[in-house]
Protein chains: 2
Amino acid sequence: MPATLRDVAELAQVSVRTVSNVVSGYEHVSERMRRKVLRAIEELDYRPNPVARTLRTGRTGMLALVVPEIDVPYFSELARDVIDAAAEVGYRVMIDQTGHDHERERRLLLGDDRAMLFDGILFSPLVTKSELLDMHGSTRMPLVLLGEHEFDGRYDHVAIDNVQAAHDAVSHLAAIGRTRIAAIGAQPLEEYTTPLQRTAGYEAALREAGLEVRPEYATAAAHYSRSDGYAAATALLSVSPRPDAIFCFSDLLAMGAVRAVFDAGLSVPEDIAVIGIDDIEEGRFARPSLSTVSLDTPFIAREAVRRISARIENREAPAAEVVAPHRLIARESTLGPGRGPAPERG
Amino acid sequence: MPATLRDVAELAQVSVRTVSNVVSGYEHVSERMRRKVLRAIEELDYRPNPVARTLRTGRTGMLALVVPEIDVPYFSELARDVIDAAAEVGYRVMIDQTGHDHERERRLLLGDDRAMLFDGILFSPLVTKSELLDMHGSTRMPLVLLGEHEFDGRYDHVAIDNVQAAHDAVSHLAAIGRTRIAAIGAQPLEEYTTPLQRTAGYEAALREAGLEVRPEYATAAAHYSRSDGYAAATALLSVSPRPDAIFCFSDLLAMGAVRAVFDAGLSVPEDIAVIGIDDIEEGRFARPSLSTVSLDTPFIAREAVRRISARIENREAPAAEVVAPHRLIARESTLGPGRGPAPERG
DNA sequence: TTGTAAGCGTTATCAT
DNA sequence: ATGATAACGCTTACAA
């Protein structure tokens, strides 16, 4: 059995109050007492029980990060930054993946049984905003939404300007002279905001460049995975006229699309230029290296942790929205060979 | 303020005992009572406080997964499988990354302050075995070691046969006629077991194939990252005689190595064949697709969770070792083009 | 079958 | 500056 505060108090011949004071670094403790207590702690190898402390204080010191799939590079890179940012302010991070399962997202937001072992949730959701709000309504768990959803003033929000990011990517393709620009990542069946916004940016940029918006160029992808990108790109190759560029709604889709183009005997970017969004490290070393719109995940992580901390401190404060910066990074998949890998970001 | 058991009891006009029975699904509760209680629960929107429950029962229902870096694909894919496997038996997973920081690993194992908010640790360590044992000694936190360390009978262990895996990779290179086989991933300065074992397998396979073991072919890599692979491969290209194959101790190293070879104006596998270890999805879509030794992460995850559950149930049971299977997967980076991507595993 | 009450290990309130 | 003691919200003997 591990030693408790009482055991220490007994051995040191002081009250539990004093031991607690020493442990939690209370100022007004005499040097003599402190020594006695520390000696007893040492001897008993005492460690405070965080659960008891939590029950008393109401703080677990843990955050939950909820993402669709942790093994998607964008999310694992985000997770790395979130864990680091959280560690800096004394939080640890529990990760949950919903696996594109709305039901699992729902349960999480409802705070079912042991879900509540953390002080707040950083949520990168699949479900649409309104559903989400309804679900989370009754529980008062601090919540910060990550990603690209519309700000509705009810929840803290760390987003990126999706429309603009998509717009920038497509404008780049137009600027290098591409005229038949397809897209992969629309999701006509569902009402996810991300694909809707990116589609909007895509179409706006096309119009701005004086290019035609062809419905047959806007293809769907269920999961933003490499294999979805591969499949969608393969299908696009037999559309007539064949696209000369593909804008993918994620880098992972783009990795699959690039491979598909080469498997069809064509070349990137000569025959078809490809650009993604996210700036995952994989794309920087790929062949050709992937042009993309870089999202500032360290910034997102830092802001998310800052927002959730503030929310935990004060649940009544008005909801805030912060928009993370993004920037276009042109590499070989649009510009052609000759630009080596860039191990550094950017 | 959220409702407590007492509030529910009061409203339902029953004792807390009865409410608790209903909540935790105790059998012997009359239908009438159960109804009354459920109605009150509904009305008050009551949710059990998991912290209080934990303080009482000693179980948090959480596991910690400790890895060097969550954004390394091998670890994020492992994390995905661990989270899923844990969810199946009612556990949730907290992830911590040590970032190659021995001190952080140490603190985790020592169970410092709020570290102990979980029932057990799944630990994929950097530090050597003996150090680790000394550190963990005093705390009795259930622990299962993941990865490729020697079994010493004191801790549960889910490992792979590192020597054999490396051997298989190198034998494959020899079998396709390569004679100047280099390696990337040794770490002469530190005593990590993984690189030592893989180096052993590498050298054994060379000898078995009647090939010379050249020290200048065994290069180091600090972090098994893409950029380390890139740098090491670049260096290898100016060794004379130039290698005609490179065995990388991880797929990520291999991704960097492949890019380096092409940047040097050479070709994979024509000039230099490349093989890795891990079988991350990235390698299946890369160009050329990456030959590798596939580690069965779902198996590892399942066994790890099984072991830690057993250990939590019975801390006195003898330590067990489980060896996860591996198998060689030859793709384009050793066999040449013509084998399309394999979205499915293998 | 259900009620009463004693903890689980802290922190925090009230004294002194 | 320190001691005694009441919570925190739950589970579980022990009683009834």
Side-chain angles (χ1 to χ4, degrees), chain A residues 1-38 40-41 44-62 111-117 119 139-141, chain B residues 1-38 40-41 44-61 111-119 139-141:
Chain A
M1 280 294 98
T4 78
L5 212 48
R6 245 200 262 303
D7 300 331
V8 177
E10 204 161 316
L11 178 61
Q13 309 259 47
V14 301
S15 78
V16 292
R17 165 72 207 256
T18 301
V19 179
S20 177
N21 281 344
V22 170
V23 169
S24 51
Y26 187 59
E27 315 241 324
H28 307 284
V29 186
S30 72
E31 210 35 53
R32 207 168 58 82
M33 283 287 174
R34 162 165 279 120
R35 274 195 210 295
K36 275 209 296 190
V37 170
L38 287 177
I41 287 179
L44 294 175
D45 191 28
Y46 165 76
R47 297 157 214 274
N49 178 330
V51 177
R53 178 176 287 173
T54 292
L55 180 59
R56 197 50 238 244
T57 63
R59 293 285 181 82
T60 66
M62 295 232 311
D112 76 326
D113 52 6
R114 52 194 61 203
M116 290 176 58
L117 257 173
D119 298 332
T139 142
R140 305 272 294 145
M141 172 76 66
Chain B
M1 282 294 98
T4 77
L5 256 189
R6 248 203 256 308
D7 299 332
V8 176
E10 204 160 314
L11 179 60
Q13 311 259 45
V14 301
S15 78
V16 292
R17 168 70 207 256
T18 302
V19 179
S20 177
N21 281 344
V22 170
V23 169
S24 49
Y26 187 61
E27 315 242 323
H28 307 284
V29 187
S30 71
E31 208 37 52
R32 208 168 58 85
M33 283 287 173
R34 161 164 280 121
R35 272 195 210 295
K36 275 209 295 191
V37 170
L38 287 177
I41 287 179
L44 294 175
D45 192 26
Y46 166 76
R47 297 157 216 273
N49 178 329
V51 177
R53 178 176 288 173
T54 291
L55 180 58
R56 197 50 235 251
T57 63
R59 294 285 180 83
T60 66
D112 78 324
D113 52 6
R114 52 194 61 205
M116 290 177 56
L117 216 49
F118 36 80
D119 298 331
T139 143
R140 306 271 294 145
M141 173 76 66

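Just so it is clear: chains get the letters A, B, ... in the order the sequence lines come, proteins before strands, and each one is counted from 1. Given the structure is predicted, the values throughout are model-derived calculations rather than measurements.
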| task | Evaluate the criterion side-chain hydrogen bond (donor to acceptor under 3.5 Å, both in side chains) for residue pair Arg17(B) and Asn21(B); output intermediate values, then yes/no. | result | CA-CA 6 Å; Arg17(B) 168 70 207 256; Asn21(B) 281 344; 3.3 Å; yes

| remark: With B for base contact, S for sugar-phosphate-only contact and - for none (protein heavy atoms under 4.0 Å), nucleotides 7-13 of chain D reads BBBBBBB

| Validation row: Ser20(B), Val23(B) side chains within 4.5 angstrom (heavy atoms) | no

| request: Taking all non-hydrogen atoms of both residues into account, name the closest pair between Gly61(A) and Asp119(A) and its distance. | output: N-OD2, 2.8 Å

| said: On a heavy-atom basis, which atom in Pro48(B) and which in Pro50(B) lie closest, and how many Å separate them? | reply: O-CD, 3.2 Å

Side-chain atoms of residues 7-14 of chain B: list all donor-acceptor pairs with protein atoms under 3.5 Å, sequence neighbours left out, distances to 0.1 Å.
residue, atom, partner, partner atom, Å
Asp7(B), OD2, Thr4(B), N, 2.9

Interatomic distance where [atom1] belongs to [X] and [atom2] belongs to [N] [whole Å]:
{"X": "Met33(A)", "N": "dG3(D)", "atom1": "CE", "atom2": "C1'", "answer": "10 Å"}
{"X": "Glu31(B)", "N": "dT2(C)", "atom1": "CD", "atom2": "P", "answer": "10 Å"}
{"X": "Arg59(A)", "N": "dA12(C)", "atom1": "CZ", "atom2": "P", "answer": "11 Å"}

| request: For atom CZ of Arg6(B), decide whether the heavy atoms of other residues, nucleotides or ligands shown that lie under 6.0 angstrom number more than 12. | output: no

| When the C1' atoms of the five terminal pairs at each end define the local axes, what inter-axis angle does the helix from dT1(C)-dA16(D) to dT16(C)-dA1(D) show, to 10 degrees? | 40°

| Spacing of Met33(B) atom CE and Ser15(B) atom OG [to the nearest 0.5 Å] | 8.0 Å

| query | To the nearest 0.5 Å, what is the distance between OG1 (Thr18(A)) and CG (Leu5(A))? | reply | 10.0 Å

